[in-house]
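A, B, ... follow the sequence lines: proteins, then strands. Residue 1 opens every chain. Note that the structure is predicted; figures quoted are calculated from it, not measured.
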2 protein chains.
Amino acid sequence: MSMSGALLTDHYELTMLQAALRSGAASRRAVFEVFARQLPGGRRYGVVAGTGRVLDALEHFRFGEDELAFLAGNRVVDDATLDFLAGYRFRGDVHGYREGECYFPGSPIITVEGTFAEAVLLETLILSVLNHDCAIATAASRMVCAAGSRPLIEMGSRRTHEMSAVAAARAAYLCGFAATSNLMAGRVYGVPTAGTAAHAFTLLHDSEEQAFAAQLASLGTGTTLLVDTYDVARAVRTAVELAGPGLGAVRIDSGDLTEAAREVRAQLDGLGAHGTRILVTGDLDEYAIAALAAAPVDGYGVGTSLVTGSGSPTAALVYKLVAREGSAGVLEPVAKRSVGKPSRGGRKEAFRRLDESGTAVAELVTTGGRRPPGARPLQTPLVRGGEVLVREKPEEARARHREAFAELPVTAHQLSRGDAALPTVFD
Amino acid sequence: MSMSGALLTDHYELTMLQAALRSGAASRRAVFEVFARQLPGGRRYGVVAGTGRVLDALEHFRFGEDELAFLAGNRVVDDATLDFLAGYRFRGDVHGYREGECYFPGSPIITVEGTFAEAVLLETLILSVLNHDCAIATAASRMVCAAGSRPLIEMGSRRTHEMSAVAAARAAYLCGFAATSNLMAGRVYGVPTAGTAAHAFTLLHDSEEQAFAAQLASLGTGTTLLVDTYDVARAVRTAVELAGPGLGAVRIDSGDLTEAAREVRAQLDGLGAHGTRILVTGDLDEYAIAALAAAPVDGYGVGTSLVTGSGSPTAALVYKLVAREGSAGVLEPVAKRSVGKPSRGGRKEAFRRLDESGTAVAELVTTGGRRPPGARPLQTPLVRGGEVLVREKPEEARARHREAFAELPVTAHQLSRGDAALPTVFD
């Protein structure tokens, strides 16, 4: 199978292309925008993630022999369309929010401009990447907020599709997670990787003592020992006996974590292991993390809830045609009028208005080129004439998210369902 | 990047391997089982999907130069472990439920047997594939049940990670969906693909009439016209005027779908287009599909809720060591005793007990080789000595699911949250 993502596309995009090639409308200039009508789950803000992955995918979006043979063999489109696809590459422009930036309902996260033909083909791939990555990033950001200064490790790979896992680890890192368990995310994106040990490792050995001794002998006293396979108090005693008070950490994965952490902390301190950290795991989400704020916990491992967007596994972003060249050759705003799903026509620009203290007060979305004085522009050129302009390291997006989040009003820190932390003002 | 999935693995599996190589326990025979402690979302049954993808991945699970260089460069494991990984290939056995089969809490869906070293490395990849695919398949099966004889088209690619989308389309097809919008699923798995048109296509043209005419001219009167961009009644009139009464179908994507379908059906019939079908889309899930049973709808397009598992995006499957060779060289059952998450030791066999009418009445899970007379065995050999034994076409799993579902008691048809449709009896 080739590396092209060109078939990560919906059937109807190609049949629309075929019909538009025939009607002649395929060559009209078109402007598509990616935005969310609302933030799922009553979230107070969304986090942009996936833009870098979109740009990578764009460069490999080609219909090669393999793809064309499939489309021809299954009569998905006619010969004229196959010819068009054989020569296809995106030569248009893309601009949008950078990764790590926050967004709100109606924020034009990505704007794609080109002919209808070249822009319509990107709908599914762009939405797939952004809907997944933004959903995970938004959940991750809430968890980082709830954890305060304590580090979070992403360990949810096993609970989601194997490739989603890699993207989820990346998105979590952009939002402030310290590390991931996913080695591919380390390999591909440079996300720091970390791990402890599983119950299977303890069960494999003839006793917990032998298992701990084996782990310490191989990985050193800085390692993290899993202490809840049998009896936690006995395991902690064994751990410190074997490792000494310099033991790196213990992990608790079951039971009442607040209570267990208090007991283990007291036990560790009693054994002189004041520096041994306590890592807790086990179906944690942002609410459970917040509830552990007063417990003597030094770090959190988060799995299922992170990779499934903590109840909101998709960001509900849409890709809508907002303007296209009319018969007079001029770009005109367009919008559907479907019941309950109206769209807002016209190419948009976006700005964040801050008050004198530097706190964000509104998301401003304008049409017609109006630039509100003093507001921070949110869009940046990403692709020009098909050439990708922006290459960022995850650390850049991570730093940007820290700043963008710090700029939000404190209502953004609320985990409860509610209104967006900023109003979106259309002008 | 190589095609190997070997880094789709958690960091701790490699560090456990390192410690077990050092302690000598790595070479002990081990039995791991994949099962669900409970069915998420109060589901009445689960559907096995992803086994074929696991077997494909197993054959590419190699630590090549690229993978080893990453692990060495990041000091994930020591040199002895790198040497082991360089020569690694799975040479153990796998048996389990076939795709399309139903499962219940405790069903041993997959059993992996080999040395601890070879089996522990597969944990994350096996769980990632099965947790995703089983979650989607289970949601899909409920939707197929709710839709009765009406066809379902999977069109959720844009709402999930781009590669999850392909697996989701496959899982939905296994459970009885008629087609997918995802072209890659057509290319890779032979799932039939289908599509209609988007609002953007109508908006692209100077009028709805021009858009419909263009679509009909290119795709024929058998096509599906999207009728809710502006005014539904006007669009239906225009559609039949242009296509004649032989128009294939219309799609409604907004508004009250029951009411809209009734109005459109009456209008189509009034125009003589008795054979024109009505396809509805727009945030449908199994409950919305069931609620449309009495409406004159001919097919459903399902997106978000399918690819996100309709509220349960992961199947909560775990991979647990249930037996391992002890110091005496004999396989012994093992089980952790963590609070609230106990496991059941011993290598298991599974059977489905049917009553005289052929209706399933219990899931029987035995240890020690007991084979209940008359009950249907549920496990089959999948891999022997590292060689994959089973290659199935999606149609085979699809037929199996039809049979396995038909065998369940009618309580399995209930969409409400509740107990599993079969009790799991451990013996």
Side-chain angles (χ1 to χ4, degrees), chain A residues 7-12 15-16 18-19 22-23 25 70 116 124 127-129 131-132 157-159 161-165 167 181 183-184 187 193-197 199-201 203-206 214-215 217-219 228-230 254-255 304 308 313-314 321 324 327 334 336-341, chain B residues 7-12 15-16 18-19 22-23 25 70 116 124 127-129 131-132 157-165 167 181 183-184 187 193-197 199-201 203-206 214-215 218-219 228-230 254-255 304 308 313-314 321 324 327 334 336-341:
Chain A
L7 292 183
L8 297 170
T9 295
D10 284 332
H11 186 110
Y12 83 165
T15 51
M16 285 193 282
Q18 173 180 315
R22 167 102 177 228
S23 76
F70 165 74
F116 176 80
T124 304
L127 286 179
S128 290
V129 172
N131 267 320
H132 176 266
S157 296
R158 64 191 56 197
R159 301 279 182 252
H161 183 280
E162 66 274 20
M163 295 309 296
S164 307
S181 64
L183 292 168
M184 189 73 92
R187 162 72 187 80
T193 66
T196 62
H199 298 101
F201 185 79
L203 295 172
L204 170 68
H205 290 82
D206 293 328
Q215 186 174 335
S218 177
L219 301 168
D228 73 337
T229 304
Y230 305 111
S254 56
T304 306
T308 58
T314 184
L321 184 69
R324 54 97 182 112
S327 50
V334 293
K336 66 173 175 171
R337 293 198 289 269
S338 311
V339 180
K341 297 182 184 174
Chain B
L7 292 183
L8 296 170
T9 295
D10 284 330
H11 186 110
Y12 83 167
T15 50
M16 283 193 283
Q18 173 179 317
R22 167 102 177 226
S23 76
F70 165 73
F116 176 80
T124 303
L127 286 179
S128 290
V129 172
N131 267 321
H132 177 266
S157 297
R158 64 191 55 196
R159 301 279 182 254
T160 190
H161 184 279
E162 66 275 18
M163 295 309 296
S164 309
S181 64
L183 292 168
M184 189 72 92
R187 163 73 188 80
T193 66
T196 62
H199 298 103
F201 185 79
L203 294 172
L204 170 68
H205 290 83
D206 293 328
Q215 188 175 334
S218 177
L219 301 169
D228 73 336
T229 305
Y230 304 112
S254 56
T304 306
T308 57
T314 186
L321 184 70
R324 54 98 180 111
S327 49
V334 293
K336 66 173 175 170
R337 293 198 288 268
S338 311
V339 180
K341 296 182 183 175

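For chain A, the nearby part of B:Thr160 is the backbone; its heavy atoms alone come within less than 4.5 Å. For B:His199, the part sitting under 4.5 Å from any heavy atom of chain A is the side chain, from C-beta outward, and nothing else. For chain A, the nearby part of B:Phe116 is the side chain; its heavy atoms alone come within less than 4.5 Å. Only the backbone of B:Ala194 comes within less than 4.5 Å of a heavy atom in chain A; its side chain stays farther off.
Here A:Ser181 is the residue among A:Gly195, A:Ser157, A:Ser181 with the most heavy-atom pairs under 4.5 Å with chain B. Counting heavy-atom pairs closer than 4.5 Å to chain B, the top residue among A:Thr308, A:Leu203, A:Val334 is A:Leu203. Interface check for chain B: of the options A:Ala165, A:Ala25, A:Ala167, the most heavy-atom pairs under 4.5 Å are formed by A:Ala25. Across A:Leu7, A:Thr124, A:Asp228, A:Leu183, the residue that shares the most heavy-atom pairs under 4.5 angstrom with chain B is A:Leu183. Most heavy-atom pairs under 4.5 Å with chain A, from the set B:Leu204, B:Thr229, B:Thr193, B:Leu219: that is B:Leu204.
Atom CD of A:Gln18 and atom OG of A:Ser23 lie 11.0 Å apart (nearest 0.5 Å). Taking CZ of B:Arg159 as the reference point, atom CG of A:Asn131 lies at 5.5 Å (rounded to 0.5 Å). For the atom pair CE of A:Met163 and NE2 of B:His132, the computed distance is 13.0 Å after rounding to the nearest 0.5 Å.
Ring pair A:His161/B:His161 is parallel by interplanar angle, where below 30° counts as parallel and above 60° as perpendicular.
The one candidate from B:Thr314, B:Thr9, B:Leu127, B:Leu8 that meets the side-chain contact (heavy atoms from CB on, under 4.5 Å) condition with A:Arg158 is B:Leu127.
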*asked:* Using side chain to side chain contact (heavy atoms under 4.5 Å, CB included), reason through B:Arg324 and A:Asp206 one step at a time and then give a plain yes or no.
replied: CA-CA 10 Å; B:Arg324 54 98 180 111; A:Asp206 293 328; 4.0 Å; yes
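At distances below 3.5 Å, at least one donor-acceptor pair connects side-chain atoms of B:Arg22 with backbone N or O atoms of A:Ala217.
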